[in-house]
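The model shown is predicted, which means the values in this text are computed figures rather than measured ones.
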Amino acid sequence: MAWGSSSSSSSSSSNYDVFLSFRGEDTRHAFTGHLYKALHDKGIHTFIDDEKLQRGEQITRALMEAIQDSRVAITVLSQNYASSSFCLDELATILHCHQRKRLLVIPVFYKVDPSDVRHQKGSYAEALEKLETRFQHDPEKLQKWKMALKQVADLSGYHFKEGDGYEFKFIEKIVERVSREINPRTLHVADYPVGLESRVLDVRRLLDAGSDDGVHMIGIHGMGGLGKSTLARAVYNELIIAEKFDGFCFLANVREKSDKKDGLEHLQRILLSEILGEKNISLTSTQQGISIIQSRLKGKKVLLILDDVNTHGQLQAIGRRDWFGPGSKIIITTRDEQLLAYHEVNETYEMKELNQKDALQLLTWNAFKKEKADPTYVEVLHRVVAYASGLPLALEVIGSHLVGKSIEAWESAIKQYKRIPKKEILDVLTVSFDALEEEEQKVFLDIACCLKGWTLTEVEHILPGLYDDCMKHNIGVLVEKSLIKVSWGDGVVNMHDLIQDMGRRIDQQRSSKEPGKRRRLWLTKDIIQVLDDNSGTSEIQMISLDLSLSEKETTIDWNGNAFRKIKNLKILFIRNGKFSKGPNYFPESLRVLEWHGYPSNCLPSNFPPKELVICKLSQSYITSFGFHGSRKKFRKLKVLKFDYCKILTEIPDVSVLVNLEELSFNRCGNLITVHHSIGFLNKLKILSAYGCSKLTTFPPLNLTSLEGLQLSACSSLENFPEILGEMKNLLMLQLFGLLGVKELPVSFQNLVGLQSLILQDCENFLLPSNIIAMMPKLSSLLAESCKGLQWVKSEEGEEKVGSIVCSNVDDSSFDGCNLYDDFFSTGFMQLDHVKTLSLRDNNFTFLPECLKELQFLTRLDVSGCLRLQEIRGVPPNLKEFMARECISLSSSSSSMLSNQELHEAGQTEFLFPGATIPEWFNHQSRGPSSSFWFRNKFPDNVLCLLLARVESIDLDDIPMPKVFINGILCKISSRNYQVRKVKLDYTYLFDLKSALYKLDDPSGLISALHELDEKEWDHVEITYGGIIETSLLKATGIHVFRQDDIRYDDPYGKRKLEHDLNSSESQSLIKKPRLSRWVGPERIINLLGNAADGALFTNPLRRYRHTSMDSSCPRCPELEETCLHALRDCPKVAAFWRSVLPKKLAPKFFNGDVAVWLETNLSFSEAAFFWPTFFGIAVELLWESRNDLVFYKDGTWDYLDLSDITDIVFNRYKDCMRAHASHILMPRNLLKWRRPLPLSHGHWLLRLNVSGAYDRSSDTAACGGIFRDNNDRFVLGFSVKLGECLSNDEGEIWGIYHGMKIARRYDIWGLYRDILRQHSIPISAKIARQHDFGKIIVESGSEKAIGFVLDGCPTSTSLEHCFPLCDELKALTSATNHLYFDNDYAADSFAKFGLSMKRQPVKIFRVCPPFCQPYISEYR
């Protein structure tokens, strides 16, 4: 199966095979022209630029795209190549792409010495000397060119010297190499390779890609149609490019080809021909082929894919591990997992269905040939995705079939597919069925038609009556061939929906057209027909009736005698059926009876249940089962369930059920009596009475086979049942919500096999102090929310039980049990062998000194113990300690936890209140990052320190850092602890190496450690940059125990490791006289100062701080982003400047470094008096638009485009000039404010009212808002559909966020100024200042939302959900006042409108809409 059926042979997305870089006047009409023709004649698609393209100073966007879209770049370095700044820019761009591993570069040194290029000598020195004069104000560019020349000279290439032979032969060598590089025989993977990338990575990890030790063989297995072959092709394409093999071969359709005459010999010939490059290989037999492959390929490193293998003979003939050389990689795809095990393939990858997101995307691409479909198709697309259940084959077939069809056609097709699946899908799936033996096919059809969803144990009870003892083998075969799955944990037998459809379709084709003469009945209409007209026959063995929700309330009218003719009926399932009366007869052959809502109060009196194995009558009207009489009647009954039987009041005598293994009567709300015989069923394994709320007593138990007992939520039960004899098989007991049970009986000790006891919500429970002695095998003792739990001494008064009993309990928890200090005095020391102890949310004030005696304790959690003040003893081998929210903990206790000896052994992880750096720490930093260098091997014990303020609720409140080893990222997963709102400084100490080896994805660590050189210094950096808000972070640190070969300074002197980027401050603009004279908003002054100092947060700086892996410009990705590039030299930005530059400034505008450029343009100019102010505003807007691209490119908004900037700059410039914009336009520090002075026309301070709306039924929300002044004049309104949202408070925060974004985006003060003019209200600078023109007051009906903003938008809050854009919201609202008011009906109306929106994310109202007009005075 493939995710695309196109026969295209190319897998590359490149538009060109080769890009030619050359100096036109040197070689265009000679060497380069001949090289271009030779490449073209070979069919190699080559880009050669037009002569007109090189007339400018900078390379064009078209050339950049051509470089980016090429696979190989050939640089023809000739005598005058370096004299062209255009060529040098082109070369720098080529090498930038090469460094990002997207472009192969082949240098050709044409009549120049490579050393002249490398060291810039000869003509290259002369050329660069001239360029230095031209570009003296841009030393960065000159340095970049020199570095590019050195880098290209270091690459492997070709050197042609004068008199060195014929040029055409030299060109042939180049063309031959290019041909090899661009034609690695890649395969077409899929038209739409959705969801493949992560799977390819998984398979490559299994293959241990890049390692040459031995032959690596893996198997990809799964049901048909999942895309095993597609995945194998994708991996094959990556490997033949990424690694060097002596040969590679993809043998497709092995199953199909080997079935033909001489099929295996044919496959062997292909294998030998592909790898050896020989044609006409002759083989007389398979055995001869094996011999030749073994001898000819033994030492070769090969890549071999064996696709769709289904027999061991195929693998023996073409794919043995010992035939190939070290480093070889073999991938086998098959539907049969057992085949891989038989061939000793130890590494396997199970192919699974696509998730819903990928399935929807694949369907959309196939049906609409684009990424997004028309919104009107969304619902029907989701229905198709649900039908296909993640099977790529089905999604592709259905999508391709419905291209261009209407919604009505889609609806009709879905109904058709559900009734009759597409033949193309069934043909692929049927292959696995056809490979089964006859009896295996019958078992498969039984499961597909009737038994899907049953547990494996139940299926094993059911099927032996239909088949012989081979039943277990048959089920095993179905699992191995990926036709069924047995889920881990609950053991449910399941299969893909389309596999089930295929099985049912086969059953229909093989069965009689008359329903009454079929073996299996599963179609509702067929079953109702048989029951209604009494047309059943002895052919029927299985009936499975499961009515849909729409049919559930329909009453089936029958006479109750329909089963008389169905004499061989063995299995009867009825779910969701409503019958007019109960049955009058069941056949003697019946083995399984499951009837939800069984309509009678008893089974038919004439029913002899001697074959009955399983009986499930949940939600039925049963009151009596009729157990009295001969034991033989129920000799085979193993499962009996009466769950949710509301009128069942007693469980009668069950002593005749001698083979019963499972008995359940859960949620029987009126059950009051259970017969004592239930306690003496020797074969009973499961006994469950969960939620029988009126049951007050339970009979004594002597159940030697019992493995599971459930009495939880029996809230009226007064005593735990007596245990009359030893019960060895009950390993775990959970007791939840037993409010009436206060203690365990002495006979509880007869549960001699009990290993785990869990108590929850058992109030005032008395726990025996000698429970450890009572339960010698107990290893886990857990109690949660057992308020008033106490140790109680046994009747014998054992005072010293803790010292005489060897405890096996290694895991213990007493969370939320309201424990006080006396908890430690009685019984506690029985836990002397405990390894993990949790005492969260209790009331004790100290941890006792006796903790020192718990030598095995490695994990201790006392989080939430608000009264804990003192730690008197620390276990000697403690590795993990958590004291979250221990607000009363003394500083001396915190110091005890920081003791050096505790952490010397390594592997520790401690979190506790306090913010003091231990004195013994080697290395400390007040910034977010710490680092060190090591040599020889990674240190065994590196202790990391974080001091931070935590203000979170229900979040991952222990954020783990990013760790870089020689620049390779190793991301550690955060630890999850649920907490209430606290504001404390915390100390977090953890062992780095232990954390690294707990990575979810260890590939980065493996790659980093694999590349270590023992003789070189290796760099490790631990950073919280971008993870913790800087204001919350107090300090970080590192302590390396055993200091051999460890350094904290750069041994190569390349950079200062102590550099703290967060604490660095730009030089003041006052130091730059020309900049300091510029008049404008404070925020722009700060931006210009940072730009002049080169301190803008550009992508190279973000990469250095590890908040980005990309240092390129977001507008032109092929060039590195510098301050000057971002604000001036980027081709798109340069185009903007050229469109607005005054003529007299244009000639020198692009000269000089960033400081000179800014000072020149911010100085007043006689040629253009408006320019300094305009220029400053433009710089800010260019940086703002750049930030939109970097940080919010995947968001909802359409962010600033350069084409829009001109108009926006002019509008802001006008506002700035009108209001004397020195500090008026959205200034900072406005939290101390005063009400505006009155005018004759009233107050006109602009305010924003926001509101949120929340729909609980769909868990979706919206927000909305209205801008108006104090005279209730409407300015602008908006509605936003938010999708999923947890509360109204969160909706209101989103309202503030979107409101402030809209205020900036739509120039809200410009709109308001126009409205005032319409009302003939004059605006002078004095009035503007008096009335806070440029300021906004935000009013919200949510006290939490306003509190959140006033608190500075903390990244961790008391809200139910963390707001994801805290930093941006903080910046947006820094110049805003915030007030809490009651709900505003006008804002509410916009929020409610947003809730009704279907897909449009943001709607702006420039005119007051009708739904809001009743709340605006000017419309009333």
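- Annotation: cation-pi geometry satisfied between Lys616 and Trp454 (NZ/CZ under 6.0 angstrom from ring centroid, within 45° of ring axis).
- Phe846 and Phe824 have tilted rings, their planes meeting at an angle from 30° to 60° on a 0 to 90° scale.
- In terms of modelled atom types and a separation under 3.5 Å, the side chain of Asn750 and the main chain of Ile723 share a donor-acceptor contact.
- Rounding to the nearest 0.5 Å gives a distance of 13.5 Å between CZ of Arg635 and CG of Leu657.
- No side-chain donor-acceptor contact under 3.5 Å links Thr858 and Asn877.
- A salt bridge is absent between Lys638 and Glu662: the closest approach of a Lys/Arg side-chain nitrogen to an acidic carboxylate oxygen does not fall below 4.0 angstrom.
- Under the 3.5 Å distance criterion, the side-chain polar atoms of Arg591 are matched with a main-chain donor or acceptor of Ile462.
- Within 6.0 Å of the CZ atom in Phe579, the count of heavy atoms belonging to other residues, nucleotides or ligands exceeds 12.
- With no hydrogens or angles considered, no side-chain donor-acceptor pair links Asn818 and Asn842 at under 3.5 Å.
- Looking at Asn670, its side chain does come within 3.5 Å of a backbone N or O of Lys646 through a donor-acceptor pair.
- Taking both residues in full, the closest heavy atoms of Cys886 and Pro913 are given as O-CG, 3.3 Å, listed atom of the first, atom of the second, then distance.
- Between the side chains of Asp821 and Thr845, at least one donor N or O sits under 3.5 Å from an acceptor N or O.
- Close placement of the Phe828 and Phe823 rings is indicated, their centers lying within 6.0 Å of each other.
- Residues Thr704 and Asn729 share a closest heavy-atom pair of O-ND2, 2.8 Å.
- For the side chain to side chain contact (heavy atoms under 4.5 Å, CB included) test with Leu701, the passing option among Leu730, Leu751, Leu724, Leu687 is Leu687; the others fail.
- Residues Ile758 and Leu781 fail the side-chain proximity criterion, which asks for heavy atoms closer than 4.5 Å.
- Contact record, Val592 with Leu612: N-CD1, 4.3 Å, taken as the closest heavy-atom pair.
- The number of heavy-atom neighbours closer than 6.0 Å to CD of Glu460, taken from other residues, nucleotides and ligands shown, is above 12.
- The environment of NZ in Lys835 is sparse: at most 12 heavy-atom neighbours from other residues, nucleotides or ligands sit within 6.0 Å.
- A side-chain donor from one of Ser747 and Glu722 sits under 3.5 Å from a side-chain acceptor of the other.
- Salt-bridge formation is not detected for the pair Glu849/Arg872: no Lys NZ or Arg NE/NH1/NH2 atom is positioned less than 4.0 Å from an Asp or Glu carboxylate oxygen.
- Scanning both residues, Phe698 and Leu711, for their nearest heavy atoms gives CE1-CD2, 3.7 Å.
- Taking a 6.0 Å sphere around NZ of Lys728, one finds it holds 12 or fewer heavy atoms contributed by other residues, nucleotides or ligands.
- Counting only N and O atoms by type, the side chains of Asn666 and Ser688 include a donor and acceptor under 3.5 Å apart.
- No side-chain donor-acceptor contact under 3.5 Å links Ser716 to the backbone of Leu695.
- When the options Asn899, Leu902, Leu851 are evaluated for a side chain to side chain contact (heavy atoms under 4.5 Å, CB included) with Val874, the one that passes is Leu902.
- Glu458 contributes a side-chain N or O that, together with a main-chain N or O of Thr455, makes up a donor-acceptor pair within less than 3.5 Å.
- Minimum heavy-atom separation, Gly691 to Cys714: N-SG, 4.2 Å.
- Electrostatic pairing of Glu909 and Lys879 does not count as a salt bridge here, judged by no charged N lying under 4.0 Å from a carboxylate O.
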Asp653 and Ser677: CA distance, side-chain angles, deciding distance, side chain to side chain donor-acceptor pair (under 3.5 Å) verdict: CA-CA 6 Å; Asp653 186 348; Ser677 61; 3.1 Å; yes
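- The cationic group of Arg667 does not satisfy the cation-pi geometry with Tyr690, failing either the under 6.0 Å distance to the six-membered ring centre or the 45° limit from the ring axis.
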Can you give the donor-acceptor pairs under 3.5 Å from side chains of residues 598-609 to other protein atoms, not counting sequence neighbours?
| from | atom 1 | to | atom 2 | distance (Å) |
| --- | --- | --- | --- | --- |
| Tyr598 | OH | Cys602 | O | 3.0 |
| Asn606 | ND2 | Asn584 | O | 3.4 |

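- Within a 6.0 Å sphere centred on NZ of Lys683, other residues, nucleotides and ligands contribute 12 heavy atoms or fewer.
- The ring of Phe990 has its center no closer than 6.0 angstrom to the ring center of Phe910.
- Judged by distance alone, the side chain of Asp815 and the main-chain N or O of Glu784 form no donor-acceptor pair under 3.5 Å.
- Note on residues 717-744: pairs passing ring-ring contact (aromatic ring centres under 6.0 Å, His included), not counting sequence neighbours, are Phe720-Phe748.
- Closest approach of Glu611 to Ser589, counting heavy atoms only: CB-O, 4.0 Å.
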